[in-house]
Amino acid sequence: RRVHTSYGQAIASTGRLSSTDPNLQNIPNRTEDGRKIRQAFVSDDGCVLLSADYSQIELRLLAHVANIETLKEAFRGGADIHAMTASEVFGIPIDGMEPAVRNRAKAINFGIIYGISAFGLARQLRIPQGDAKTYIDSYFEHYPGIRAYMETTKEFARTNGFVKTIFGRKCHVPGINDKNPARRNFSERAAINAPLQGAAADIIKRAMIKIPGALTEVGLGARMLLQVHDELVLEVPQVELEDTAALVTRVMEGAAHLDIPLVVETGHARSWADAH
């Protein structure tokens with residue numbers, strides 16, 4: 001049996017696709033219940049599900065858009081970006097770094113993209129708010145271009161009521177000048193994130209447009225089944241897996257040309273849960 005979702009092109013303000021009836025983009029991958037649900041999605045006999053996922057695409061876009069040379073060099077060199085951030089922010093060497101310290105830096109890296117506050121980071125990491133503020137201040141000290149990008153983006157949004165992705169597509173931010181501080185702060189965070197999340201949405205859509213024709217051109221029988229934000233899921237004949245994974249990776253990584261490479265990670269299995 002097949003489950004068919006409906007995609008909305010113009011629901012999310014950033015330009016991301018949204019999924020309804022049922023929402024297949026909202027099945028968690030890291031919870032036990034979510035993984036059980038994903039186990040129910042399996043390929044036809046003789047086929048496997050191929051998952052192709054952009055690695056850290058919004059962080060890469062931040063490095064590109066905000067022109068952060070140290071981050072760009074790290075991405076070009078294939079460095080562990082979270083370990084590097086931990087080393088910079090906490091002043092400790094990368095060698096022998098504890099996983100918990102790296103995970104703290106990971107939370108900051110991804111939180112910064114969404115305009116996280118000291119309160120939000122403290123709650124997420126279960127640390128005192130003062131420590132969280134120190135971490136965020138240290139982050140901006142080491143990457144001043146990111147704060148400059150945020151302030152410039154917010155000012156542009158206040159003046160124009162929208163921000164733009166790197167492709168020139170407008171993402172409207174209607175509450176940016178709201179008199180209510182909570183609504184205004186929410187819109188400011190949305191303005192910071194929209195050019196990044198919006199560009200990521202543009203990039204994967206460009207890849208989705210190209211993939212079916214590229215598969216047909218070389219006689220591969222894979223079918224694109226699902227898009228979950230930065231991930232594409234395809235059903236692939238087992239005997240064509242290697243060629244299909246290589247082609248999909250090449251098309252996705254070539255969907256945009258930034259100052260740093262786009263990187264796609266693939267996995268495969270009979271079930272969606274095991275394809276990651």
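Residue numbers run from 1 in the order of the sequence given.
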Quiz item: Which atom names give the shortest non-hydrogen contact between Leu215 and Ala222, and what distance separates them?
Solution: CD1-O, 3.6 Å
Quiz item: Heavy atoms, side chains only, cut-off 4.5 Å: are Ile112 and Met150 in contact?
Solution: yes
Quiz item: When you look at Tyr135 and Tyr139, which way does the ring-ring contact (aromatic ring centres under 6.0 Å, His included) test go after all the steps?
Solution: CA-CA 6 Å; Tyr135 294 160; Tyr139 186 96; over 10 Å; no
Practice problem: May I ask whether Leu258 and Ile113 are part of the same hydrophobic cluster, defined by side-chain heavy atoms of I, L, V, M, F, W, Y residues being less than 4.5 angstrom apart, directly or through others? | Solution: yes
Self-check item: Approximate separation, where rounding is to 0.5 Å, of Cys171 SG and Leu196 CG
Solution: 10.0 Å
Quiz prompt | Working for side chain to side chain contact (heavy atoms under 4.5 Å, CB included), residues His276 and Arg30 | solution = CA-CA 11 Å; His276 287 267; Arg30 292 184 178 88; over 6 Å; no
Quiz item: Shortest non-hydrogen contact from Ile136 to Leu121?
Solution: CG1-CD2, 3.8 Å
Quiz item: Atom CE of Met208 and atom CE of Met252: how far apart are they, to the nearest 0.5 Å?
Solution: 9.5 Å
Quiz item: Between CG of Leu50 and CH2 of Trp272, what distance do you get to the nearest 0.5 Å?
Solution: 13.5 Å
Practice problem: Taking the side chain as every heavy atom from C-beta outward, state whether Arg270 and Asp45 have any atom pair closer than 4.5 Å. | Solution: yes
Quiz item: Would you find a donor on one side and an acceptor on the other, under 3.5 Å apart, between the side chain of Asn23 and the backbone of Gln25?
Solution: yes
Exercise. Report yes if some heavy atom in the side chain of Ile11 is under 4.5 Å from a heavy atom in the side chain of Thr20; otherwise report no.
Key: no
Self-check item: ILVMFWY cluster, Met224 and Tyr54 together (side-chain gap under 4.5 Å)
Solution: yes
Exercise. Check the hydrophobic clustering (I, L, V, M, F, W, Y; side-chain heavy atoms under 4.5 Å; chains of links allowed) and say if Val263 and Ile57 are grouped together.
Key: no
Practice problem: Please lay out, stage by stage, how Gln124 and Ile116 fare under the test side chain to side chain contact (heavy atoms under 4.5 Å, CB included). | Solution: CA-CA 10 Å; Gln124 189 175 336; Ile116 200 166; 3.6 Å; yes
Quiz item: In Å and rounded to the nearest 0.5 Å, what is the OG1 to CD distance from Thr153 to Glu155?
Solution: 10.5 Å
Quiz item: At what distance, to the nearest 0.5 angstrom, does CG of Leu232 lie from CD1 of Ile211?
Solution: 5.0 Å
Quiz item: Given Asp274 and Gln39, is the side chain to side chain contact (heavy atoms under 4.5 Å, CB included) satisfied, shown in steps?
Solution: CA-CA 7 Å; Asp274 296 329; Gln39 287 281 2; 3.5 Å; yes
Quiz item: Less than 4.5 Å apart, any side-chain heavy atom of Leu49 and any of Leu225?
Solution: yes
Exercise. Give the intermediate values and the outcome of side chain to side chain contact (heavy atoms under 4.5 Å, CB included) for residues Leu234 and His268.
Key: CA-CA 9 Å; Leu234 297 92; His268 65 273; over 6 Å; no
Quiz prompt | Student check: side-chain heavy atoms of Phe186 and Asp178 closer than 4.5 Å | solution = no
Quiz prompt | Heavy-atom check, side chain of Thr249 versus side chain of Thr266, under 4.5 Å | solution = yes
Quiz item: Does Ser187 use its side chain to pair, donor to acceptor, with the backbone of Arg183 at less than 3.5 Å?
Solution: yes
Practice problem: State, with a plain yes or no, whether a side-chain heavy atom of Asn193 is found less than 4.5 Å away from one of Glu58. | Solution: yes
Self-check item: Nearest heavy-atom neighbours spanning Ile94 and Ala83
Solution: CG1-O, 3.8 Å
Self-check item: Joint hydrophobic cluster, Leu61 plus Tyr114, side-chain heavy atoms closer than 4.5 Å
Solution: yes
Quiz item: Is Lys36 salt-bridged to Glu32, going by a charged N under 4.0 Å from an acidic O?
Solution: yes
Quiz item: Would you say Arg104's side chain and Leu125's backbone share a donor-acceptor pair under 3.5 angstrom?
Solution: no
Self-check item: Side chain Ser18, main chain Ala12, donor-acceptor under 3.5 Å
Solution: no
Exercise. Mark yes or no for whether Arg38, through its side chain, and Ile27, through its backbone, hold a donor-acceptor pair below 3.5 Å.
Key: yes
Quiz item: Without hydrogens or angle criteria, can the side chains of Ser43 and Glu235 be said to hold a donor-acceptor pair below 3.5 Å?
Solution: no
Quiz item: Any idea which heavy atoms bring Ile92 and Ser87 closest together, and the distance?
Solution: O-OG, 2.7 Å
Quiz item: Do NZ/NE/NH1/NH2 and the carboxylate oxygens of Lys106 and Asp80 come within less than 4.0 Å?
Solution: no
Exercise. Grab the two heavy atoms, one from Val264 and one from Ala52, that are nearest each other, plus how far apart they are.
Key: CG1-CB, 4.0 Å
Practice problem: Using the side chain to side chain donor-acceptor pair (under 3.5 Å) rule, take Arg184 and Asn177 through it: C-alpha gap first, then chi angles, then the decisive distance, then the call. | Solution: CA-CA 6 Å; Arg184 188 172 64 248; Asn177 292 310; over 6 Å; no
Quiz item: Do Glu69 and Glu73 have side chains that get closer than 4.5 Å, going by heavy atoms?
Solution: yes
Practice problem: State whether the number of non-hydrogen atoms from other residues, nucleotides or ligands found under 6.0 Å of Arg76 atom CZ is greater than 12. | Solution: yes
Quiz item: Is the distance between the ring centroids of Phe110 and His82 less than 6.0 Å?
Solution: yes
Self-check item: Asp137 bridged to Lys133 by N-O distance under 4.0 Å
Solution: yes
Self-check item: Residues, nucleotides or ligands: over 12 heavy atoms within 6.0 Å of Lys164 NZ
Solution: no
Quiz item: Out of curiosity, does Val42 fall in the hydrophobic cluster containing Ile37 (side-chain heavy atoms, cut-off under 4.5 Å, transitive links)?
Solution: no
Exercise. Nearest 0.5 Å please: distance from the CZ atom of Arg158 over to the CD1 atom of Ile176.
Key: 6.0 Å
Exercise. State whether the number of non-hydrogen atoms from other residues, nucleotides or ligands found under 6.0 Å of Arg126 atom CZ is greater than 12.
Key: no
Quiz item: If you take all heavy atoms of Ala63 and Leu71, which pair is closest and at what distance?
Solution: CB-CB, 3.7 Å
Exercise. Spell out, as yes or no, whether a donor-acceptor pair under 3.5 Å connects the side chain of Glu240 to the backbone of Gly221.
Key: yes
